[in-house]
Amino acid sequence: MEKIELTQLFKEAVLNTQMRRATFDRLNIKPNTNYRGRTQDEVYFQKQDGANVEYEVVRRMDFDPEGVFEITVVYTIRRQLADEYVNQDIDFREQLKKYEVKDFNFLCGNVFSLMSLTISELTQASNGIPMVSPPVYCGVAAKSAE
């Protein structure tokens with residue numbers, strides 16, 4: 001099946017989003033070690049029931065080498081299919097593989113901003129300095145600039 005344009009696949013309705021969990025683990029810091037922060041997002045198809053489709057969005061922030069902290073924030077997004085797609089046999093896992101960065105930002109609405117805010121609040125409460133993660137999709141499958 002070809003890639004379905006998201007603007008046609010879903011109704012223009014408010015996204016139903018819900019935070020499922022946030023974990024924050026402080027780790028040891030080794031003296032004289034340079035740490036490089038990493039932010040990684042993943043989007044997983046969860047289920048379809050009638051006209052509704054549910055996705056899980058996971059953001060992880062950690063460091064290379066391992067240290068400082070690890071944060072995981074998980075949201076669930078529920079969207080309503082456009083009427084023409086309700087009874088079609090769509091493999092949403094395959095569709096996710098075909099999407100580009102801009103598609104994930106549209107698919108997930110403001111969830112990446114909510115995740116960025118959550119991470120900022122957790123890190124600010126921990127050491128007084130908020131770390132702000134990008135408020136857009138930072139996927140593992142994002143294509144590098146060429």
Side-chain angles (χ1 to χ4, degrees), residues 1-27 29 35-146:
M1 177 178 248
E2 290 184 20
K3 174 182 163 186
I4 302 172
E5 289 300 320
L6 291 171
T7 54
Q8 298 171 0
L9 181 60
F10 295 107
K11 286 187 176 180
E12 289 188 37
V14 176
L15 290 156
N16 182 349
T17 61
Q18 180 179 16
M19 181 192 276
R20 296 207 36 187
R21 76 176 179 279
T23 59
F24 179 32
D25 297 319
R26 290 173 56 152
L27 305 174
I29 300 174
Y35 291 96
R36 192 181 99 227
R38 296 184 293 197
T39 302
Q40 173 180 308
D41 295 326
E42 295 178 88
V43 180
Y44 301 99
F45 169 74
Q46 292 296 305
K47 66 180 178 179
Q48 179 182 2
D49 58 0
N52 296 303
V53 178
E54 191 171 287
Y55 295 90
E56 184 173 84
V57 183
V58 180
R59 172 163 286 185
R60 291 181 184 88
M61 277 189 76
D62 60 6
F63 290 85
D64 183 31
E66 183 180 276
V68 188
F69 65 77
E70 292 177 348
I71 293 178
T72 302
V73 180
V74 181
Y75 270 82
T76 300
I77 298 173
R78 193 168 175 85
R79 296 197 70 162
Q80 194 171 31
L81 290 171
D83 294 336
E84 63 207 64
Y85 290 103
V86 171
N87 293 318
Q88 288 193 17
D89 185 25
I90 300 171
D91 186 341
F92 287 99
R93 286 179 181 86
E94 283 302 313
Q95 286 296 311
L96 285 174
K97 293 177 185 176
K98 297 175 184 179
Y99 291 143
E100 299 174 26
V101 172
K102 64 180 175 55
D103 298 319
F104 286 102
N105 288 321
F106 180 84
L107 176 70
C108 299
N110 71 340
V111 165
F112 299 114
S113 294
L114 294 171
M115 292 176 153
S116 178
L117 177 61
T118 301
I119 289 169
S120 296
E121 290 173 338
L122 289 171
T123 55
Q124 195 269 334
S126 171
N127 64 6
I129 302 169
M131 287 198 65
V132 180
S133 65
V136 294
Y137 176 71
C138 301
V140 295
K143 296 178 181 173
S144 59
E146 296 177 340

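Residues Phe104 and Leu96 meet the side-chain proximity criterion, which asks for heavy atoms closer than 4.5 Å. Considering only heavy atoms from C-beta on, Lys11 comes within 4.5 Å of Asp83 through its side chain. Taking 4.5 Å as the limit, every side-chain heavy atom of Val57 sits out of range of all side-chain heavy atoms of Tyr137. In this structure, the side chains of Leu81 and Phe10 come closer than 4.5 Å at one or more pairs of heavy atoms. Taking 4.5 Å as the limit, every side-chain heavy atom of Leu114 sits out of range of all side-chain heavy atoms of Met19.
Checked against the 6.0 Å centroid criterion, the rings of Tyr55 and Tyr75 do not qualify as a close aromatic pair.
With values rounded to the nearest 0.5 angstrom, Gln80 atom CD is found 12.5 Å from Glu12 atom CD. Between Thr72 atom OG1 and Arg59 atom CZ the span is 11.5 Å, to the nearest 0.5 Å. Rounding to the nearest 0.5 angstrom, the gap separating the CD atom in Glu66 from the CG atom in Leu27 is 5.5 Å.
Surrounding CZ of Arg38 are more than 12 heavy atoms belonging to other residues, nucleotides or ligands, all under 6.0 Å away. Crowding of Asn87 atom CG: a count of heavy atoms from other residues, nucleotides or ligands under 6.0 Å not exceeding 12.
A salt bridge links Arg78 with Asp49; the closest basic N to acidic carboxylate O contact falls under 4.0 Å.
Of all heavy-atom pairs spanning Ser133 and Met61, the tightest one is CB-SD, 3.5 Å.
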